[in-house]
Amino acid sequence: MTLSDYVPGNSFIHRLPSGIKILSLALVGTLLFVFPLLAVVLSTLVVVATLYPLAGIGPKIMLLQLKPLLWVLALLFAVQWWMVDWVSGVLVVTRLSALLLLAALVTLTTRTTDMIDALESGLSWLRFLRINPAKVSLALSLALRFIPVLAAITAEVREAQKARGLDRSVIAVAIPVIVRTLKMADDIAAALEARAYDPQLKRPQSDAEKSRGS
């Protein structure tokens with residue numbers, strides 16, 4: 001199991017429409033910044049953590065979503081404690097953890113195709129601005145998928161540089177991460193081009209979709 005791989009299941013979270021899950025993520029993220037209260041943020045984190053077992057996802061997979069970013073969270077806490085106070089540090093770290101876990105839960109319980117379809121449907125109004133919603137939805141879904149992938153790449157690079165005694169150097173970690181990220185983007189673009197992918201074309205229905213429609 002890697003970060004944010006889709007986990008098949010039949011829980012009520014799996015069965016929720018993709019659009020509802022994406023809107024919920026956006027709403028929770030907005031509310032956490034509108035109401036920056038420690039009690040609200042801690043309650044949100046507890047609720048999000050409770051949703052994982054309800055979705056049939058074990059604690060090991062849940063913690064795996066945060067593991068690559070533990071050093072970032074520790075750094076943010078230290079900076080906030082030094083610049084403001086420890087309460088502010090706890091608030092920032094808890095809020096970011098809640099958002100990361102909720103975003104990961106969405107991708108863990110939602111197929112990529114369903115996510116793209118939901119985003120495309122919700123962004124259909126962009127056609128009035130002469131913007132192809134299929135392209136925007138593809139970009140957004142890829143962003144959601146690759147946020148945890150980038151976190152994993154950062155953790156791998158940091159571990160490799162740690163063996164060389166360079167894990168404390170920002171440049172020594174950042175440059176390999178940027179290079180690997182750009183290469184990954186090129187590989188994805190090449191794969192889409194090789195398959196002649198055109199988001200303007202209607203995706204053919206699968207057998208399961210045809211049976212649901214009949």
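One is the number of the first residue; the rest follow in order along the sequence.
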Any chain of hydrophobic side-chain contacts (each under 4.5 Å) joining [X] to [Y]?
X	Y	result
Val93	Leu66	yes
Leu16	Val7	no
Leu75	Trp82	yes

Which other residues belong to the hydrophobic cluster containing Leu23, where Ile, Leu, Val, Met, Phe, Trp and Tyr are joined when side-chain heavy atoms lie under 4.5 Å apart, directly or via other members?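 ILVMFWY cluster around Leu23 holds nothing else.
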
Residues sharing Val47's hydrophobic cluster, by side-chain heavy-atom contacts under 4.5 Å among ILVMFWY, directly or via others?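 Besides Val47, the cluster holds no residue at all.
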
Has the side chain of [X] got a donor or acceptor atom that lies under 3.5 Å from a matching backbone atom of [Y]?
X	Y	value
His14	Gly56	no
Ser88	Val84	no
Arg15	Asn10	yes
Lys21	Ala103	no
Thr107	Ala104	yes

pair [X]-[Y]: side-chain heavy atoms closer than 4.5 Å:
X	Y	value
Trp86	Gln80	no
Val41	Phe35	no
Leu54	Ser11	no
Val87	Trp81	no
Arg95	Thr44	no
Leu105	Ile57	yes
Leu101	Leu45	yes
Gln65	Leu100	no

Can you see which heavy atom on Pro53 is nearest to which on Ala49, and at what distance?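 Reported closest heavy-atom pair: CD-O, 3.1 Å.
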
I need the minimum non-hydrogen distance between Asp114 and Thr110, along with the two atoms involved.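 Nearest pair, atom of Asp114 first, then Thr110: CB-CG2, 4.2 Å.
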
Please assess Phe33 against Leu99 for the test side-chain contact (heavy atoms from CB on, under 4.5 Å), listing each intermediate value before the final yes or no. CA-CA 11 Å; Phe33 282 92; Leu99 287 174; 3.7 Å; yes

For the [atom1] atom of [X] and the [atom2] atom of [Y], what is their distance to the nearest 0.5 Å?
X	Y	atom1	atom2	result
Leu51	Leu108	CG	CG	12.0 Å
Leu91	Leu42	CG	CG	8.5 Å
Ile13	Ile20	CD1	CD1	13.5 Å

Holding to side-chain hydrogen bond (donor to acceptor under 3.5 Å, both in side chains), I want the full list of residues that pass it with Ser43, two or more places apart in sequence or in another chain.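 Scan of Ser43 (side-chain hydrogen bond (donor to acceptor under 3.5 Å, both in side chains), adjacent residues dropped) gives none.
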
For the CZ atom on Phe12, are there more than 12 heavy atoms of other groups (residues, nucleotides or ligands in this structure) within a distance under 6.0 Å?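 Yes - once you tally the heavy atoms of other residues, nucleotides and ligands closer than 6.0 Å, there are more than 12.
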
